Asks: 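One structure, pasted below without further comment.
A quick note: this is a predicted structure, and the numbers were derived from the prediction, not measured.
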Amino acid sequence: MLFSALVLAPRATHAAPYAAMVIDARTGEVLHSRNADARLHPASLTKMMTLYIAFEAIRLGEITLDTEVTISRNAASEPPSRLGLQAGTRIRLRYLIRAAAVRSGNDAATAIGEAISGSEAAFARRMNRTAIALGMNRTTFRNAHGLTENGHLSTARDMTTMGRRLFYDYPQYYNLFSRRSADAGIATVRNTNRRFLDAYRGADGIKTGYTRAAGYNLVASAERGQERIIATVFGGRSTATRNERIMELLDMGFARAPSTATVRRPELPVYDDDDRVGSSIRATGAVTSSLRPLPRPGTQDELPEVAPELLAAVEHAVEDALTDPPTEEVAEEIAENLPTPRPDDLPEEPDIALARAEEAEAPIPTAEGATAPAAPEELLEVAETRTAAETPSVIPVPRPEIPSVDSAEIELAVIDPDPEPPQQEIVTRASSTGTRLYGVSLGRHPSRNAAERLLLQTALTELSTFGEALRNVVNRPGGFEAQFAGMSEEAAERACARLMSRNVTCTTYGP
């Protein structure tokens with residue numbers, strides 16, 4: 001008896017607090033709650049937010065599914081559960097998404113955050129901003145994976161909200177959470193939630209989580225007929241008891257929910273910061289006008305003399321960017337050159353089974369009765385071949401004119417006659433930076449013309465990233481430094497990370 005007491009006492013001491021939440025996913029109505037607003041450790045439920053932001057970044061053209069991500073030492077050193085990524089290796093974002101969603105890989109989640117925001121800390125800031133925009137007011141994130149960290153806390157209510165937003169905001173990716181296995185590039189991974197998915201009729205997600213501090217957590221979703229219920233459990237004692245409790249909660253939800261209800265879809269989040277990441281505007285999939293920098297005040301007669309090679313470089317960049325027609329089928333192929341406007345990353349496909357043939361016999365209907373826009377492994381694969389009949393003709397797009405520049409807007413630094421003059425700076429677009437005191441440097445170049453040409457080419461192909469930034473050329477010892485100035489710290493970090501993912505050397509700077 002004494003031995004039993006000594007063995008069992010630590011388990012009771014370390015038992016995680018229990019919390020639960022059940023909602024009707026169609027309306028968001030709360031059907032049951034217990035300790036739903038208690039701030040607890042979410043564990044790997046955190047990865048729902050990591051994946052939500054990844055889907056958002058794809059929608060906004062910040063990154064594509066086929067962007068190759070270089071794995072950092074920080075990501076590779078994350079403890080299990082992990083995919084097994086090695087520092088310095090390159091892997092496409094689509095595989096990282098699968099590993100994080102299905103295997104709950106901590107290394108994959110960290111790599112996603114670093115690829116999108118440049119650093120784990122910057123990505124955590126974006127996670128918190130997104131949480132506020134989604135109404136998750138009692139959640140604070142410190143990392144992308146959910147391992148226990150001081151201040152990294154959420155609630156059953158907020159995580160239930162997160163699950164509902166994944167389903168309604170990004171339905172084209174939701175099938176990930178019901179896969180029993182997935183190809184993650186370097187390995188085939190198995191779903192950490194497969195026991196629940198196999199045990200409960202209509203279950204199709206969403207995410208498990210476990211740490212010693214959190215206990216066994218789960219956000220689960222299931223659909224029967226026209227009803228969809230989402231339930232959350234924090235603090236389960238084991239996988240088995242957690243699954244039993246979540247099934248009881250789902251049964252309660254189906255019993256309490258009305259058979260019919262008007263679906264109230266949430267709006268995409270809108271952010272209040274200057275970067276305006278997360279705009280509620282959805283891309284239509286068609287380019288309606290040629291993509292070029294906005295004309296500045298002034299007339300063509302006022303345009304200062306521009307080197308012929310600079311004009312040629314601009315024209316070639318535009319031709320390269322518009323080689324392929326901007327259709328949904330080739331959206332990912334042209335995304336690197338046409339950042340905005342762009343379609344949702346995934347094309348619509350005919351309804352097919354969510355799981356493999358032996359695991360499902362028919363498509364699962366959505367809350368509105370239509371077939372869910374879900375598919376197996378092929379949904380996250382871009383078609384490698386297209387027949388001539390499938391490929392639309394190229395849409396002619398007029399070449400952009402060189403925007404006029406008012407000479408009053410070009411500020412020239414006074415040149416000191418001293419043999420060692422101070423730094424000289426050319427600001428190619430006047431603006432008040434306000435509190436935007438950060439920027440991105442593209443390095444030093446042998447001539448001012450080379451620096452200006454690089455800035456213009458980069459601005460042309462990265463309109464969504466540098467559309468509001470100032471283009472500066474600074475004369476420094478050893479060459480002319482090309483800079484984008486007048487950015488917020490987060491915008492500069494994200495912009496440089498995006499350039500580095502495309503093998504463009506850059507650094508950020510600030511006050």
Asks: Which distance, rounded to the nearest 0.5 Å, do you find between the CZ of R245 and the OH of Y18?
Replies: 3.5 Å
Asks: Are T192 and S104 close enough that a side-chain donor and a side-chain acceptor fall under 3.5 Å?
Replies: no
Asks: Would you say the side-chain atoms of R90 and T70 include a donor-acceptor pair closer than 3.5 Å?
Replies: yes
Asks: Hey, mind stepping through R194 and D198 against salt bridge (charged side-chain N to carboxylate O under 4.0 Å, His left out) and telling me if it holds?
Replies: CA-CA 6 Å; R194 60 187 179 276; D198 291 337; over 6 Å; no
Asks: How about CE on M500, more than 12 heavy atoms from neighbouring residues, nucleotides or ligands closer than 6.0 Å, or not?
Replies: no
Asks: Between R126 and E56, does a salt bridge (charged side-chain N to carboxylate O under 4.0 Å, His left out) hold up when you go through it step by step?
Replies: CA-CA 11 Å; R126 178 163 178 172; E56 177 182 76; 2.9 Å; yes
Asks: How long is the straight-line distance from CG of D169 back to OH of Y174, given to the nearest 0.5 Å?
Replies: 13.0 Å
Asks: In Å and rounded to the nearest 0.5 Å, what is the CD1 to CG distance from I116 to L93?
Replies: 6.5 Å
Asks: In terms of ring plane angle, is the pair Y170 and F55 parallel, tilted or perpendicular, where the classes change at 30° and 60°?
Replies: tilted
Asks: So if I apply the side chain to side chain donor-acceptor pair (under 3.5 Å) rule between E78 and each of N106, N143, T110, which one comes out positive?
Replies: T110
Asks: Starting at OG of S81, measure out to OH of Y210 and round the result to the nearest 0.5 Å.
Replies: 13.0 Å
Asks: Any donor and acceptor pair, going by atom type alone, linking the side chain of R256 with main-chain N or O of I23 inside 3.5 Å?
Replies: no
Asks: Can you confirm if the NZ or CZ of R224 lies within 45° of the ring axis of Y200 and under 6.0 Å from the centre of its six-membered ring?
Replies: yes
Asks: Could you tell me the separation between the OG atom of S119 and the CZ atom of R125, rounded to the nearest 0.5 Å?
Replies: 6.0 Å
Asks: For E248, does the CD atom sit with more than 12 other heavy atoms under 6.0 Å from it, leaving out its own atoms?
Replies: yes
Asks: Would you check if there is a donor-acceptor pair between the side chains of S181 and T188 at a distance under 3.5 Å?
Replies: no
Asks: Under a 3.5 Å distance rule, please check whether R157 uses its side chain to pair with a backbone N or O of D37 as donor and acceptor.
Replies: no
Asks: State whether a side-chain donor-acceptor pair under 3.5 Å links H41 with T211.
Replies: no
